[in-house]
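Worksheet: one structure, shown below.
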Protein chains: 2
Amino acid sequence: MANRNLKENKDTEKLILDAAREVFIRKGFDGARMQEIADEAGINKALLHYYFRSKQKLFDTIFLEAFKDFWPSIESSTNNGKGTVKDLIKSAVDAYMDLLLKMPFLPSFVVGEINRSPERIQELLQASGIRPDFVLEVIKRGIEKREVIAIDPRDLIINIVGLSLFPFISRPVLSRMFFASEEEYMEFLASRRNSVYEFVCRSVLVEYQS
Amino acid sequence: MANRNLKENKDTEKLILDAAREVFIRKGFDGARMQEIADEAGINKALLHYYFRSKQKLFDTIFLEAFKDFWPSIESSTNNGKGTVKDLIKSAVDAYMDLLLKMPFLPSFVVGEINRSPERIQELLQASGIRPDFVLEVIKRGIEKREVIAIDPRDLIINIVGLSLFPFISRPVLSRMFFASEEEYMEFLASRRNSVYEFVCRSVLVEYQS
DNA sequence: GTCTATACGGTGATAGAC
DNA sequence: GTCTATCACCGTATAGAC
């Protein structure tokens, strides 16, 4: 029956994508094995090639999806450019924390693969539809309104993102260096939702009282 | 002649290590090919296995060396625990900038490989002899002396390191997103030697005038 | 120490039955 | 759509001559 085939079709495709995401994110493109993805999905290698022509195509699908997640919906919180920078900082840090506490390995994956083939960035940025202009605009206005000190808006954005992502990217090292257990480190990461926010506000907001 | 053999020996080993460093850092363990390392060194594959038993052993040598670089000699600048936190911030940022402007791909390499085999962190930290205690101590004293606001010393360290490393780790993306050319981005990176320093000082030093 | 030649296992991809 | 069987290739590692 056509209906059943369609349903099976979608189920299998989702099975494959879930498995591929898991394996690619953990091992990277070079380290991932089609066999392992097939096992994880509970099917066989041949079927992978039936749905996606090659390892590369399958990987591209996963990677674009992961890349899009990387610029969380901060824009919406900018209130069409009318919001304050203080709000922007809060919602950016929150957005990253929400994302990363759920998918802690996402940043190392994206960063690692991008460094292995930087040529593709151009098309990736285009395909992902990421546009930093809104955020830059909000910051510029904040500076004009004397809400924020004079600072290169790009510095501010990069600092916010960096402070949010870095502890996840370097998790294995930092965890071992400064903490007794993984659980303790997870608590620490969660606490940074506030501490990063305050750290940035103290540095760039003209008037800020914690 | 024994002397000549010895000399050749050291030269070849260095040739191999230089080539391996180059290839491993760019491609990672999984992406690197022994053939490519041999070509880069101007020798053949068999000789690689003669000097280092396996790809893994060769990699381990390179990786430990890279890992050690990751905790630059900040300790020395702490003046045996008598220096100020302000000085600590400055020398930490400077140390990372000096290192990274010379070896921009080091952080992505270390971070990527660590995430692929986190089990080895323990021995790596031990073998590298990295000890964050000194730095933590300096910060604690800074807080007691009211030079620094009340802050988790681990947060402060991680923030300093993160702000220094992140723009290098995410270089391909950030470069494309915010800058017109690689050269422009390099200038931006260099300028962060000051802007990161000031960003941190404004946030955590009790009295700070730029 | 350095080379050429080769063994050996694994990996992406396809053919073809059901 | 899904499977089994198989191919063609590549990459690490070793053997053995010089």
Side-chain angles (χ1 to χ4, degrees), chain A residues 1-64 109 112-113 116-117 120, chain B residues 1-64 109 112-113 116-117 120:
Chain A
M1 302 171 168
N3 252 350
R4 188 170 155 275
N5 278 344
L6 184 63
K7 183 164 175 282
E8 297 281 341
N9 189 318
K10 284 193 178 173
D11 281 359
T12 304
E13 189 166 327
K14 188 174 185 319
L15 272 178
I16 294 177
L17 286 173
D18 287 344
R21 191 177 307 114
E22 184 86 10
V23 175
F24 276 134
I25 287 184
R26 240 208 314 273
K27 308 272 181 85
F29 179 83
D30 291 323
R33 296 286 164 258
M34 294 297 266
Q35 184 61 59
E36 192 177 349
I37 296 176
D39 292 346
E40 181 88 19
I43 58 171
N44 59 46
K45 278 192 297 178
L47 208 49
L48 293 182
H49 287 90
Y50 176 80
Y51 277 87
F52 303 83
R53 271 168 45 95
S54 65
K55 180 183 182 183
Q56 186 66 51
K57 299 249 187 219
L58 179 53
F59 176 82
D60 289 346
T61 308
I62 297 296
F63 189 68
L64 178 59
F109 171 61
E113 296 303 325
R116 293 224 190 320
S117 39
R120 293 201 188 153
Chain B
M1 301 159 177
N3 253 349
R4 189 171 155 273
N5 278 344
L6 183 63
K7 183 163 176 281
E8 297 281 341
N9 188 317
K10 283 193 178 173
D11 282 359
T12 304
E13 189 167 327
K14 189 175 185 317
L15 272 178
I16 294 177
L17 286 174
D18 287 344
R21 189 178 309 114
E22 183 86 11
V23 175
F24 276 133
I25 285 185
R26 277 242 162 58
K27 308 273 182 86
F29 179 82
D30 291 324
R33 296 287 163 257
M34 294 297 266
Q35 184 61 60
E36 193 176 350
I37 296 176
D39 292 347
E40 182 88 18
I43 57 172
N44 59 48
K45 280 190 295 179
L47 207 51
L48 293 181
H49 287 89
Y50 176 80
Y51 278 87
F52 303 83
R53 271 169 42 100
S54 65
K55 181 184 182 183
Q56 186 66 52
K57 299 249 185 217
L58 178 54
F59 176 82
D60 288 347
T61 308
I62 297 296
F63 189 67
L64 178 59
F109 171 61
E113 296 302 325
R116 292 222 191 323
S117 39
R120 294 200 188 153

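Here is the naming used below: chain letters follow the sequence lines, and residue numbers restart at 1 for every chain.
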Residue whose nearest DNA chain C nucleotide is more 5′ - R53(A) or K45(B):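 Mapping each residue to its closest nucleotide by heavy atoms, the 5'-most match is K45(B).
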Closest to the [X] side chain: [options]?
X      : options                  : answer
M34(A) : dT2(D), dA13(D), dG12(C) : dG12(C)
A46(A) : dG1(C), dC3(D), dG12(C)  : dC3(D)
Y51(A) : dT2(D), dT12(D), dG12(C) : dT2(D)
N44(B) : dA13(D), dT4(D), dT4(C)  : dT4(C)

Is D60(A) paired with R120(A) through a side-chain N to carboxylate O contact shorter than 4.0 Å?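 Answer for the salt bridge query: yes.
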Flag the pair D18(A) and R21(A) as a salt bridge only when some basic side-chain nitrogen lies within less than 4.0 angstrom of an acidic carboxylate oxygen.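 Here D18(A) pairs with R21(A) in a salt bridge, since their nearest N and O are under 4.0 Å apart.
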Pick base, sugar-phosphate or nothing for A32(A), based on heavy-atom distances below 4.0 Å to the nucleic acid.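 A32(A): backbone/sugar contact only, no base atoms under 4.0 Å.
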To the nearest Å, give me how far apart [atom1] ([X]) and [atom2] ([N]) are.
X      : N       : atom1 : atom2 : answer
L47(A) : dA15(C) : CG    : C1'   : 15 Å
Q56(A) : dG12(C) : CD    : P     : 12 Å
D11(B) : dG1(C)  : CG    : P     : 12 Å
R33(A) : dC10(D) : CZ    : C1'   : 12 Å
Y50(A) : dC18(C) : OH    : P     : 18 Å
L48(A) : dG12(C) : CG    : P     : 10 Å
D30(B) : dT11(C) : CG    : P     : 10 Å
F52(B) : dT14(D) : CZ    : C1'   : 18 Å

Any heavy-atom pair between the side chains of F29(A) and D30(B) that's under 4.5 Å?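 SC-SC contact between D30(B) and F29(A) ruled out.
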Could you check if a side-chain atom of E22(B) sits within less than 4.5 angstrom of a side-chain atom of K27(B), using non-hydrogen atoms only?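 Heavy-atom side-chain distance check fails, nothing below 4.5 Å.
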If the cut-off is 4.0 Å, is T12(B) near the phosphate of dT2(C), judged by side-chain N/O to OP1 or OP2?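 Yes, because at least one side-chain N or O of T12(B) sits under 4.0 Å from OP1 or OP2 of dT2(C).
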Check this one for me: any side-chain N or O of H49(B) less than 4.0 Å away from OP1 or OP2 of dT14(D)?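 Checking H49(B) against dT14(D): no side-chain N or O falls below 4.0 Å of OP1 or OP2.
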Hey, would you say the F63(B) and F109(B) ring centroids sit under 6.0 Å apart?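 Yes, ring centres under 6.0 Å apart.
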